[in-house]
Amino acid sequence: MALFNELKRRKVFRVTSLYAVTAWGASMGAAELFPTFGLPDESVRWFVIGALGLLPIVALLAWLYELTPGGIERDPIDRAIEGTQAEMVVMWRDKRWTFQRTFTIGRDEACELHLQDPKISRRHARVVAQHGTWYVEDLGSSNGTSVDGERVTRATLTNTALITLYDGGDGIRLNISAANGETTILTGAPGRADA
């Protein structure tokens, strides 16, 4: 189930489906046009085989990269694994989680920090670990994201920060543990709840 959620989060299903539909249409076009240009019948077969052969490569690229407004970038979790040496301790109400990589906050069950509050958007914010620095990004939520009382779209987090996801909402306390110089092993689990 965790692999399925990760494939969904990285949009692998969406990208491969779009590629499959595009390849199917191109194959239909090839079947009509190749004979017109005098190409042998086998050329259509090789075109279809080539399109199918590229499907695993498309899936791999969808896993590794993300299309953002700033261009094509490595997936935030992969960047976090390459660069972070600190861990994030998150406290909300009476619960506590520890993360060693990028995580998403929201009502959606696919979010690593799943919070049951109707005023929080399904995918409200993302806390990104990148090259040893932690950032918070609002994901276009309806009520906005504030860090230490200031509304932000993206902000660098200090050692301690208080995030609120709507006016009057319970704050989410973030504490970044100091890096001790040792290599941090980033586990496959997104975080552990200690509550």
Side-chain angles (χ1 to χ4, degrees), residues 1-84 88 99-115 120-142 144-145 152-155 165 184-191:
M1 189 65 176
L3 176 61
F4 179 80
N5 287 337
E6 189 66 8
L7 287 168
K8 189 173 153 185
R9 186 192 68 76
R10 291 178 185 246
K11 300 181 179 73
V12 173
F13 295 126
R14 185 183 302 175
V15 171
T16 53
S17 298
L18 181 62
Y19 174 79
V21 168
T22 304
W24 176 260
S27 298
M28 299 307 288
E32 293 293 323
L33 292 175
F34 282 15
T36 304
F37 292 105
L39 296 172
D41 292 337
E42 277 191 24
S43 61
V44 175
R45 182 179 309 130
W46 286 111
F47 181 86
V48 172
I49 290 170
L52 289 174
L54 286 175
L55 187 62
I57 295 169
V58 169
L60 177 65
L61 291 173
W63 176 271
L64 293 174
Y65 296 97
E66 181 178 25
L67 185 60
T68 67
I72 297 173
E73 297 179 359
R74 287 290 304 273
D75 187 88
I77 289 179
D78 294 337
R79 292 193 315 250
I81 288 172
E82 291 169 0
T84 189
M88 175 74 70
F99 293 92
Q100 295 175 322
R101 62 180 193 173
T102 298
F103 60 96
T104 306
I105 304 169
R107 276 191 352 260
D108 194 320
E109 290 183 10
C111 293
E112 292 85 358
L113 186 55
H114 172 65
L115 304 178
I120 295 174
S121 297
R122 292 176 56 77
R123 289 178 45 83
H124 197 106
R126 179 185 301 142
V127 179
V128 179
Q130 185 177 11
H131 306 299
T133 303
W134 290 83
Y135 304 89
V136 64
E137 301 172 340
D138 185 79
L139 298 176
S141 64
S142 55
T145 301
V152 299
T153 54
R154 179 178 167 100
L165 304 180
T184 301
I185 298 172
L186 301 176
T187 60

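Reckoned from all heavy atoms, side chains included, excluding hydrogens, waters and symmetry mates. Remember, it's a predicted structure, so these values are computed and weren't measured experimentally. Counting begins at 1 with the first residue of the sequence.
By the side-chain hydrogen bond (donor to acceptor under 3.5 Å, both in side chains) test, Ser141 is found to be paired with His124, Asp138, residues two or more places apart in sequence or in another chain being considered. Remark: Val15 engages Val58, Ala62 in a side-chain contact (heavy atoms from CB on, under 4.5 Å) (not counting sequence neighbours). Partners of Leu60 according to the side-chain contact (heavy atoms from CB on, under 4.5 Å) rule, which considers only residues two or more places apart in sequence or in another chain, are Leu64. Partners of Arg45 under the side-chain hydrogen bond (donor to acceptor under 3.5 Å, both in side chains) rule, at least two apart in sequence or in another chain, do not exist in this structure. By the side-chain contact (heavy atoms from CB on, under 4.5 Å) test, Leu52 is found to be paired with Val48, residues two or more places apart in sequence or in another chain being considered. In this structure, the side-chain contact (heavy atoms from CB on, under 4.5 Å) partners of Leu18, at least two apart in sequence or on a different chain, are Thr22.
The line from CG of Leu33 to CG of Leu39 is 10.0 Å long, rounded to the nearest 0.5 Å. The distance from atom CD1 of Ile49 to atom CD of Glu42, rounded to the nearest 0.5 Å, is 9.0 Å. Distance check: Met88 CE to Arg101 CZ gives 14.5 Å after rounding to the nearest 0.5 Å. To the nearest 0.5 angstrom, Glu109 atom CD is 5.0 Å from His114 atom NE2. Distance check, rounded to the nearest 0.5 Å: CZ of Arg9 to SG of Cys111 gives 10.5 Å.
Contact between Ala30 and Pro35 at its shortest, heavy atoms only, is O-CD, 3.9 Å. Smallest separation of non-hydrogen atoms from Gln100 and Trp134: C-CH2, 4.2 Å. The minimum heavy-atom distance linking Thr16 with Phe13 is given by the pair OG1-O, 3.2 Å.
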Start with the C-alpha distance between Thr102 and Val127, add both sets of side-chain angles, then the distance that settles side chain to side chain contact (heavy atoms under 4.5 Å, CB included), and finish with yes or no.
CA-CA 6 Å; Thr102 298; Val127 179; over 6 Å; no
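Here the side chain of Arg107 pairs a donor or acceptor atom with the backbone of Ile120 at under 3.5 angstrom. A distance-only check finds a donor-acceptor pair linking the side chain of Glu112 to the backbone of Thr104 [under 3.5 Å].
Residue pairs meeting the ring pair (Phe, Tyr, Trp, His ring centres under 6.0 Å) criterion with at least one member in residues 20-43, sequence neighbours excluded, are Phe34-Phe47.
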